[in-house]
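Only one structure is covered here, and it is reproduced in the block below.
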Amino acid sequence: ALAVACTVDTFMSMVGMVVVLEKFLNDLVEMSTYQAEHPDEPVSYLEPSLVIFLGIFAVPMVYRTSAMLLTLLDGYYTQVCAAGLASVVFEKALALPAGSAPEKELTEAEDPYGNMNPNVIQIINVDIIACWQGLLRAMMMLLLAPILIVIMFVMLIQRIHLAGFLGFLYCIPATLLTLFIAR
């Protein structure tokens, strides 16, 4: 379910609106061409109106719905994974010596809620939850990114032919340079 929601979310956010806008612009060009060739016949505005309706309402709604579903699923799986890791950490922490988290004597006036003296397990559990938030979503998007890049480049090359291909060739050294710098 997480993979499907992430696929729909990523596709709709990157490719969906481009496809709808391309379809709408193609319909407008076809309408103007048809009207120029047949000036006496009426032009039907039904198809461009439906494309506008789908483009303005349906595609963003599918995107928003999948984004909300993805956030819910990511939160659920984050809690499941974090709970499993926290239980393993707790079992390992039981083997720690007693002096690894020394108790500091604070009065109740200095620390009424006990926050000034956290133990090792609390610190590690907070770090586990903080690190796992959004990790599964980011991993799924990382897996889908190359596929979406190829789709966008195919659309670019279809639309502007040689210039799109040259633009694609420009991205290869830029990507390699970015990877070299990031390393």
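Just so it is clear, the values below take in all heavy atoms, side chains as well, and ignore hydrogens, waters and symmetry mates. The residues of the chain are indexed from 1 along the displayed sequence.
If you take SG on C81 and CD1 on I128, they are separated by 11.0 Å, rounding to the nearest 0.5 Å. Rounding to the nearest 0.5 Å places CD1 of I129 at 5.5 Å from CD of Q79. Interatomic distance, CD1 of I149 versus CZ of F168, reported as 9.0 Å (0.5 Å rounding). Residue L2 holds its CG atom at 6.0 Å from CE of M140, rounded to the nearest 0.5 Å. For the atom pair CG of L144 and CD1 of I151, the computed distance is 9.5 Å after rounding to the nearest 0.5 Å. Expressed to the nearest 0.5 Å, how far CE of M12 lies from OG1 of T65 amounts to 10.0 Å.
Between I157 and G164 the shortest heavy-atom distance is CG1-C, 3.7 Å. Of all heavy-atom pairs spanning G84 and S87, the tightest one is O-OG, 2.8 Å. In terms of heavy-atom proximity, D74 sits nearest to Q133 at OD2-C, 4.5 Å. Closest approach of M31 and S44 over heavy atoms only: SD-O, 3.9 Å. Heavy atoms only, all atoms of each residue included: S13 and Y63 are closest at CB-CE1, 3.3 Å. Nearest approach of F153 to C171, heavy atoms of both residues: CZ-SG, 3.7 Å.
Following chains of ILVMFWY side-chain contacts shorter than 4.5 Å, one cannot reach L179 starting from V150, and the two form parts of different hydrophobic clusters. Linking ILVMFWY residues whenever their side-chain heavy atoms come closer than 4.5 Å, directly or via other members, places L85 and M139 in the same cluster. Linking ILVMFWY residues whenever their side-chain heavy atoms come closer than 4.5 Å, directly or via other members, places M17 and V8 in the same cluster. Cluster membership for L28 and Y45, using ILVMFWY side-chain heavy atoms within less than 4.5 angstrom, is not shared. Under the 4.5 Å side-chain contact rule for hydrophobic residues, L70 and Y77 share a cluster.
The side-chain heavy atoms of M155 and V15, taken from C-beta on, include a pair separated by under 4.5 Å. Residues T71 and R137 form a side-chain contact, since some pair of their non-hydrogen atoms from C-beta on lies under 4.5 Å apart.
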Step by step, work out the ring-ring contact (aromatic ring centres under 6.0 Å, His included) result for H161 and F165. CA-CA 6 Å; H161 308 293; F165 181 71; over 10 Å; no
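With sequence neighbours left out, the side chain to side chain contact (heavy atoms under 4.5 Å, CB included) criterion links E30 to D27. Take L69 and apply the side chain to side chain contact (heavy atoms under 4.5 Å, CB included) test, not counting sequence neighbours, and it matches A5, L73.
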Side-chain polar contacts of residues 51-60 - donor-acceptor pairs under 3.5 angstrom, sequence neighbours left out - could you list them?
none

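Not a single donor-acceptor pair under 3.5 Å links the side chain of T10 to the backbone N or O of T7.
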